[in-house]
J.: 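Mind having a look at this structure? Questions to follow.
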Amino acid sequence: MEAFTPRKIVEELDKYIIGQGTAKRMVAIALRNRWRRTQVPEELRDEIAPKNIIMMGPTGVGKTEIARRLAKLAQSPFLKVEASKFTEVGYVGRDVESMIRDLLEIGITMVREEEYETLRPKAEEQAEERLLDILLPMRSPRKMRRNQVYQPQQQETGADELEVAQRTREKFRKMLRNGRLNDREVEIETQVSAIPVVEVFSPAGMEEMDINIKDMFSNIFPGKTKRRKVKVPEAYQMLIQEELGKLIDTDKVTKMAKERVEQTGIVFIDEIDKIAGASSAQFGPDVSREGVQRDLLPIIEGSTVNTKHGVVRTDHILFIAAGAFHVSKPSDLIPEIQGRFPLRAELSALTRDDFVRILTEPKNALVIQYQELLKTEEVNLEYQEEAILEIATLAEEVNERAENIGARRLHTIMEKLLEEISFEAPDMHGVTVTVTPRMVREKLQDIVKSDDLSRYIL
């Protein structure tokens, strides 16, 4: 993170997200402050709390994408949740503490994958030796050396046999690495789970019950082995996974993941406006909304959450909340929650120019995606600049007349525009299709003009 200055973070976000400069600057500073915190004296480090952010703006303008790309840049455990899925303790729905448990599981998976990459060369080496033992069961140098120790009178003959076995083994090793043994089948032992299938319907706050029951059953029912005949490449991959499982230190992984979650974890709470009680002043407190806010408060404020891997502190987890706030507004949240989200970023609605840039500039631009998809059928797709401008104009028009769903409208329009080409593509080998403004108008103009059709189709 030392190399990622706020300016560089914004530049990286610009590769995937168009516009929304204010929100990008805000999250870039929040991310940089995490690195700065690790550089301050230790006695002050625990006192510096993350500055949580609320992002406001219509759907499809980049709120979730900003948070997701930020987590990828920071290589931090990242969890996206919808606030409307949670409920106050005692009511039917998910317990808010489950988001921290889920975040820890994501952190463990992330650290385990990193450890796997580090240990993979050693695992591949050991898997190769095991595979050669299977391919040459009677000529394993290790077994032959062992036999020489127990039968000294055969040492001279054994030495010759050992040399021949080693030469044969090296020959097979070269063949294995060159792929010349790929069609050969070998018989290997694989672990088969003996745990019975149990469906657990747990009450709110007890989401981990089914996981704990499975852990309990895994101790009661030991795993069984089963002999399978598989091709050499598949056997090699299976043996690598077995060796990785033996080499990895689970306790170390859990400890590292817990530390990473506590220090750099990011939780993105979407639809937070859905739990803001806009009408509470008129009709009294809304249990299902204000109750969730009250349960969220200690987690955002900083508390300890019990998980099956130990206690996780939430003091330095960064919380980014987002919502359209069409009906309610941030001031409808309870004051304590408002205080825990000191930073506010308002994301603007997308214009025609933004749509043109979204279609062409990002690394994962929609026009590139469709070009690559159709290239698999040997169909070349080309776009005229005026055609892209026409698509953007139609997207803006439909958003204004029907419902503003931001950049997601482009997915709908592009799919409808290229529907016929996508269907006929397998029979169009070598054909070049050029998307022109006329083609865009012919395919979409009638739908856009009709209010009923545009609402249902686009």
Side-chain angles (χ1 to χ4, degrees), residues 30 34 37-38 45-54 67 71 74-112 200 202-216 250-272 275 287-322 333-334 336-342:
R34 299 201 127 188
R37 180 178 156 269
T38 62
R45 203 173 295 166
D46 284 342
E47 303 300 321
I48 300 173
K51 307 299 183 289
N52 299 320
I53 302 165
I54 286 185
Q75 293 183 324
S76 302
F78 173 77
L79 175 71
K80 175 185 181 289
V81 295
E82 275 81 33
S84 52
K85 296 279 178 72
F86 297 99
T87 184
E88 186 178 358
V89 172
Y91 292 83
V92 177
R94 293 204 74 190
D95 173 19
V96 290
E97 288 189 352
S98 65
M99 68 173 70
I100 304 301
R101 298 188 189 107
D102 292 344
L103 186 66
L104 181 57
E105 292 298 332
I106 290 165
I108 288 170
T109 303
M110 183 184 282
V111 174
R112 189 187 291 120
V200 179
S202 53
M206 301 291 284
E207 289 88 357
E208 285 194 313
M209 187 186 284
D210 57 337
I211 300 168
N212 294 332
I213 286 176
K214 283 174 186 172
D215 288 346
M216 183 180 71
T250 309
D251 292 335
K252 179 188 168 189
V253 166
T254 305
K255 186 181 175 185
M256 286 169 66
K258 198 172 133 199
E259 188 177 339
R260 192 178 294 189
V261 164
E262 288 181 339
Q263 301 302 322
T264 68
I266 298 174
V267 176
F268 181 76
I269 306 173
D270 205 0
E271 298 179 1
I272 198 164
I275 59 166
V287 158
S288 64
R289 292 180 176 185
E290 289 193 10
V292 176
Q293 292 183 58
R294 283 194 296 270
D295 286 348
L296 269 174
L297 184 60
I299 291 175
I300 297 170
E301 203 167 34
S303 62
T304 55
V305 175
N306 287 314
T307 73
K308 70 173 188 174
H309 302 290
V311 172
V312 176
R313 292 192 61 82
T314 66
D315 301 65
H316 298 288
I317 293 174
L318 177 66
F319 290 88
I320 301 174
L333 294 164
I334 61 173
E336 295 87 349
I337 286 279
Q338 291 180 51
R340 285 293 153 189
F341 285 94

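All of these numbers come straight from a predicted model, not from anything done at the bench. We're numbering straight along the sequence, starting at 1.
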J.: Can we say E301 and R340 salt-bridge, meaning some charged N sits less than 4.0 Å from an Asp/Glu carboxylate O?
T.: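 Looking at E301 and R340, the cut-off is met.
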J.: Counting N and O atoms only, with roles assigned by atom type, does the side chain of R34 sit under 3.5 Å from a partner on the main chain of T264, one being a donor and the other an acceptor?
T.: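 Yes; judged by distance alone, with no hydrogens or angles, the pair exists.
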J.: From H309 NE2 over to T250 OG1, what is the distance, rounded to the nearest 0.5 angstrom?
T.: 10.0 Å
J.: Determine the minimum heavy-atom distance between E262 and V311, stating which atoms define it.
T.: OE2-O, 3.8 Å
J.: For F341 and N52, work out which heavy atoms get closest and say how close.
T.: CD2-CB, 3.5 Å
J.: Mind checking the CD1-CD spacing from I334 to Q293? Nearest 0.5 Å is all I need.
T.: 5.0 Å
J.: Can any side-chain N or O of H316 pair as donor or acceptor with the backbone N or O of I48 at less than 3.5 Å?
T.: yes
J.: If only atom types and distance count, is the side chain of K258 paired as donor or acceptor with the main-chain N or O of G107 below 3.5 Å?
T.: no
J.: State, with a plain yes or no, whether a side-chain heavy atom of E105 is found less than 4.5 Å away from one of L79.
T.: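 Result no, sub-4.5 Å side-chain heavy-atom pair not found.
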J.: Between S303 and P298 (side chain of the first, backbone of the second, donor and acceptor by atom type, cut-off under 3.5 Å), is there such a pair?
T.: yes
J.: Do the non-hydrogen side-chain atoms of R313 and D46 ever get within less than 4.5 Å of each other?
T.: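 Contact flag for R313/D46 side chains = no.
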J.: If you take all heavy atoms of V292 and A83, which pair is closest and at what distance?
T.: CG1-O, 4.5 Å
J.: For E82, look at atom CD and say whether over 12 heavy atoms of other residues, nucleotides or ligands are found less than 6.0 Å away.
T.: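 Atom CD in E82 is packed in, count exceeds 12.
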J.: With rounding to the nearest 0.5 angstrom, report the CD1 to CZ distance, I108 to R260.
T.: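 The CD1 atom of I108 sits 12.0 Å away from the CZ atom of R260.
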J.: Give, for atom CD of E97 and atom CG of N306, the distance between the pair rounded to the nearest 0.5 Å.
T.: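 If we round to the nearest 0.5 Å, E97:CD and N306:CG are 7.5 Å apart.
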J.: Looking only at heavy atoms, what is the nearest atom pair of L318 and P50, with distance?
T.: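 Closest heavy-atom pair between L318 and P50: CD1-CB, 4.1 Å.
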J.: Distance check, rounded to the nearest 0.5 Å: Q263 atom CD versus I317 atom CD1?
T.: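 Those atoms lie 9.5 Å apart.
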J.: Give a yes or no on whether the backbone of E47 and the side-chain of R37 come within a donor-acceptor separation of less than 3.5 Å.
T.: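 No; zero donor-acceptor contacts below 3.5 Å.
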J.: I'd like to check M99 versus F86 (side-chain heavy atoms, cut-off strictly below 4.5 Å). Are they in contact?
T.: yes
J.: Could you tell me whether E259 atom CD has more than 12 heavy atoms of other residues or ligands within 6.0 Å of it?
T.: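 Not more than 12 within 6.0 Å, no.
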J.: Looking at every non-hydrogen atom in both residues, tell me the closest pair between F78 and A67 and how far apart they are.
T.: CE1-O, 3.7 Å
J.: Measure the spacing between CD1 of I337 and CZ of F319 and express it to the nearest 0.5 Å.
T.: 9.5 Å
J.: Taking side chain to side chain contact (heavy atoms under 4.5 Å, CB included) as the criterion, tell me which of L103, T304, V261 meets it with V312.
T.: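 Only one of L103, T304, V261 forms a side chain to side chain contact (heavy atoms under 4.5 Å, CB included) with V312, namely V261.
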J.: Can you tell if the side chain of L333 reaches within under 4.5 Å of the side chain of I54, non-hydrogen atoms only?
T.: yes
J.: Quick one: do I299 and V267 satisfy side chain to side chain contact (heavy atoms under 4.5 Å, CB included)? Show the steps, please.
T.: CA-CA 11 Å; I299 291 175; V267 176; over 6 Å; no
J.: Do V305 and L104 come within less than 4.5 Å of each other through their side chains, counting heavy atoms only?
T.: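 No, their side chains stay 4.5 Å or more apart.
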